[in-house]
Number of protein chains: 2
Amino acid sequence: MAHGARGGRSGGRPTLEEVAARAGVGRGTVSRVINGSPRVSEATRAAVEAAVAELGYVPNTAARALAANRTDAIALVVPEPETRFFAEPYFSDMLRGVGAELTETEMQLLLIFAGNDRERRRLAQYLAAHRVDGVLLVSVHADDPLPDLLSQLEIPAVISGPRSASETLPSVDSDNYAGARQAVEHLLSRGRTRIAHITGRLDVYGAQRRVEGYRDALREAGHQVDETLIEPGDFTEEGGRRAMTALLERCPDLDAVFAGSDVTAAGARQVLREAGRRIPDDVSLVGYDDSAIARHMDPPLTSVRQPIQEMGRRMIDLLLTEIADRRPAATRGLDRRQVVLATELVERASS
Amino acid sequence: MAHGARGGRSGGRPTLEEVAARAGVGRGTVSRVINGSPRVSEATRAAVEAAVAELGYVPNTAARALAANRTDAIALVVPEPETRFFAEPYFSDMLRGVGAELTETEMQLLLIFAGNDRERRRLAQYLAAHRVDGVLLVSVHADDPLPDLLSQLEIPAVISGPRSASETLPSVDSDNYAGARQAVEHLLSRGRTRIAHITGRLDVYGAQRRVEGYRDALREAGHQVDETLIEPGDFTEEGGRRAMTALLERCPDLDAVFAGSDVTAAGARQVLREAGRRIPDDVSLVGYDDSAIARHMDPPLTSVRQPIQEMGRRMIDLLLTEIADRRPAATRGLDRRQVVLATELVERASS
DNA sequence: ATCACTTGTGGGAGCGCTCCCACAGTACCT
DNA sequence: AGGTACTGTGGGAGCGCTCCCACAAGTGAT
């Protein structure tokens with residue numbers, strides 16, 4: 001194909017220049033209208049908009065990206081295998097919140113899995129090519145190198161769940177400490193005293209905070225913390241089964257379980273049932289997340305609600321601010337960059 | 001920021017031109033090396049690759065997209081609400097197959113939901129901007145306008161499941177007719193004679209084909225087809241419950257159920273159990289898809305396996321061919337563009 | 001009247017790449 | 001010897017936009 005014909009002057013997609021000719025204005029003016037600049041008179045704006053409509057003009061994203069050095073895309077990076085993504089409602093809720101907030105904008109969302117080495121290398125390449133303006137990181141473990149890579153590449157990022165108390169990246173999280181306290185205080189109020197805790201992955205900071213909340217709630221109620229009642233889990237159903245099996249063997253007298261996630265609670269419930277323990281008669285069960293499965297369990301599961309969709313929305317807010325506003329960090333209020341949302345105990349029949 | 005400094009000649013990302021200077025060759029040569037052209041001598045290629053490595057050069061996607069008029073991205077369009085996407089293993093399996101095939105390439109996959117009007121408008125805008133080189137359409141209903149939009153915009157597309165016997169778009173599907181026959185013949189061989197069928201959405205061509213397979217299998221075995229044993233469903237669990245309830249009321253003497261999907265079978269099983277029918281003693285149950293839930297059901301579900309991941313892979317194959325190879329349709333073999341994969345009956349305890 | 005702004009506008013330059021033409025060099029025919 | 005073909009290479013032109021400078025025209029203070 002001849003070079004000059006590449007764009008197909010006739011029949012191809014209209015360009016900004018053609019819109020300008022049609023509206024009888026210059027290229028710059030059309031650009032200003034398209035990008036909503038206030039420095040355009042009403043009459044001119046109307047003329048340009050008419051031309052855009054008549055020609056069916058749609059801006060060329062690649063040209064814009066090249067000239068403006070931005071992509072209008074952000075990535076939701078899930079450092080987990082796809083299977084976990086689909087198995088755990090946490091992720092789909094998050095995706096929904098993020099998607100909802102993004103429909104208001106021109107931004108495009110990319111879903112990227114980085115569950116194994118191969119995928120991670122691909123992601124690194126992807127980020128190095130600066131194919132996104134910003135990154136949303138969910139479910140990050142304490143020793144994950146991804147955040148460092150991101151700041152090295154100077155790509156704005158927001159993390160769901162800080163990696164530690166001194167997280168430097170902007171983050172959005174629910175109040176894990178208070179949530180755990182709500183769960184334990186509820187169980188205590190039900191007269192339970194031998195309350196076990198199946199934790200989340202302890203390399204996730206939020207899971208540690210929940211353990212702290214669990215401990216403090218017991219202590220403040222005048223109970224001693226029995227360390228044998230704490231069993232590490234990993235947020236998964238299988239992990240819940242494993243932990244519950246170990247707990248039943250070690251502490252057959254337990255009368256309540258506070259699980260690190262609803263999915264974990266489902267695993268625990270199965271083991272409890274097989275062991276002949278009735279819920280809630282013999283053992284009270286409380287989950288975390290208040291995801292869809294909590295309502296559908298038998299009996300319905302009492303759970304600590306995290307506003308996951310809201311968290312997704314707030315992450316987008318933070319990220320878009322971060323992208324728009326690249327002033328030196330000193331002039332930014334750090335206070336606004338660590339968002340913590342309240343949890344709420346949803347009582348159901350399992351406790 | 002001053003215009004000339006935009007790219008940041010110092011410290012910014014290296015450009016192709018800088019690589020060329022470093023390797024002591026011209027821009028064209030570097031471009032040829034990057035794009036794997038064979039028209040480069042070994043020595044030159046090595047020199048360029050060294051320069052690329054030293055500089056940490058990564059091509060600028062936007063510039064490439066602008067100059068070459070392609071985006072190196074394809075979209076997986078799901079014309080369903082997100083909730084269905086997460087509830088049905090069909091989609092996640094498909095996504096996995098597609099993703100696997102794509103890791104071999106430089107292509108990027110975008111997941112786009114078009115479950116409501118707002119999302120559909122957004123998608124139309126997106127496609128009009130030609131932000132993807134091609135589209136994968138899954139789960140398309142007979143009257144969906146999306147395929148027409150795509151061909152109007154001249155965007156290559158592949159459809160999973162033709163809309164009719166005379167589908168014009170390239171498609172990949174499993175042999176729904178044969179799959180249904182396998183299921184029914186299996187139930188007949190088990191001595192069942194009152195075999196009900198809960199269909200899929202009948203505006204999906206594949207679901208119609210399964211009904212035909214169901215009918216023909218019965219007829220060829222010398223049975224008359226009792227139309228009251230056929231109840232429309234919609235692939236969902238709730239649909240399965242509804243249909244099963246209707247069937248039990250209308251035909252209490254049924255002794256087998258062939259469901260349009262595993263999820264539908266799960267809904268049917270629940271109703272059967274509540275009605276006191278034992279599986280498989282009183283009623284045999286066969287599903288479709290052989291998704292993960294089939295193995296985890298109680299009792300494990302006999303199901304017609306569709307090679308969904310394989311289907312995803314083949315769709316990518318077709319689409320990449322379609323994108324690479326834009327010769328006039330006449331020179332292309334239409335035969336290669338309608339792929340039908342074999343199904344396989346997986347026998348488990350439910351039948 | 002002059003100066004200093006402000007508002008609205010046009011268009012040059014440039015983003016980093018791909019495509020293609022031109023051409024040097026070599027190889028193999030007549 | 002001349003012709004023809006092919007291989008490998010350099011670099012001009014152009015993709016469609018944004019950014020910014022320049023400048024015309026208007027407004028109000030001096």
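Keep in mind that the numbers below use all heavy atoms, side chains included, and drop hydrogens, waters and symmetry copies. Chain identifiers are assigned alphabetically (A, B, ...) following the order of the sequence lines, protein sequences preceding nucleic acid strands; residue numbering begins at 1 within each chain.
- One interatomic measurement links the two molecules: NE2 of A:H130 to C1' of C:dC15, which rounds to 15 Å at whole-angstrom precision.
- Listed by chain and residue number, A:F85, A:F86 satisfy the ring pair (Phe, Tyr, Trp, His ring centres under 6.0 Å) test with B:F86 (two or more places apart in sequence, or in another chain).
- Comparing D:dG10, D:dT18, C:dG16 against the side chain of A:R64 picks out D:dT18 as the nearest.
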Pairs under 3.5 Å (N/O, protein and nucleotides 23-27 of chain D):
none

Solution key, residues 54-67 of chain A side-chain donor-acceptor pairs under 3.5 Å, sequence neighbours excluded:
unit_1	atom_1	unit_2	atom_2	d
A:E54	OE1	A:R22	NE	2.7
A:E54	OE1	A:R22	NH2	2.6
A:N60	OD1	A:A62	N	2.8
A:N60	OD1	A:A63	N	3.0

Next item on the list: Please step through side-chain contact (heavy atoms from CB on, under 4.5 Å) for the pair A:T105 and A:I316, ending with a clear verdict.
Entry: CA-CA 11 Å; A:T105 71; A:I316 291 291; 6.0 Å; no
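- In this view, A:R45 and A:V33, A:V40, A:E42, A:E49 satisfy the side chain to side chain contact (heavy atoms under 4.5 Å, CB included) rule, not counting sequence neighbours.
- In this structure, the CZ atom of B:R70 is 16 Å from the P atom of D:dG16, given to the nearest Å.
- Checked for salt-bridge contact, A:R122 and A:E119 miss the test: no charged N lies under 4.0 Å from a carboxylate O.
- Looking at residues 44-61 of chain B, you'll see B:T44 sit with a heavy atom under 4.0 Å from some atom of DNA chain D.
- The nearest whole Å value for the distance from the CD atom in A:E17 to the C1' atom in D:dC15 is 12 Å.
- Rounding to whole angstrom units, CG of residue B:N69 and P of D:dG16 are separated by 8 Å.
- When the C1' atom of C:dG8 is taken as reference, atom CD of A:E42 falls 13 Å away, rounded to whole Å.
- A:H130 and A:T71 make their closest contact through O-CG2, 3.6 Å (heavy atoms, listed as atom of the first residue, atom of the second, distance).
- Contact check, A:S31 against D:dC17: no side-chain N or O comes under 4.0 Å of OP1 or OP2.
- If B:A63 and B:G26 are placed on DNA chain D by their nearest nucleotide, the residue sitting closer to the 5' end is B:G26.
- For the contact set between residues 32-41 of chain A and DNA chain D, defined by any heavy atom under 4.0 Å, the members are A:R32, A:N35.
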Next item on the list: Take A:V78 and A:M94, measure what side-chain contact (heavy atoms from CB on, under 4.5 Å) needs, and give me the verdict at the end.
Entry: CA-CA 11 Å; A:V78 181; A:M94 176 65 72; over 6 Å; no
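- Between B:P156 and B:E322 the shortest heavy-atom distance is CB-CG, 3.9 Å.
- Base contact: A:R27 has a heavy atom under 4.0 Å from a base atom.
- A sub-4.0 Å separation between OP1 or OP2 of D:dG10 and a side-chain N or O of B:T29 is present.
- A straight line from CG of A:L66 to C1' of D:dC15 spans 9 Å, rounded to a whole angstrom.
- Here the closest non-hydrogen pair linking A:E167 and A:Q338 is O-NE2, 3.3 Å.
- Remark: the backbone N or O of B:T15 is paired with a side-chain donor or acceptor of B:E18 at under 3.5 angstrom.
- Residue B:D144 comes nearest to B:R163 through the heavy atom pair O-NH1, 4.5 Å, listed as atom of the first residue, atom of the second, then distance.
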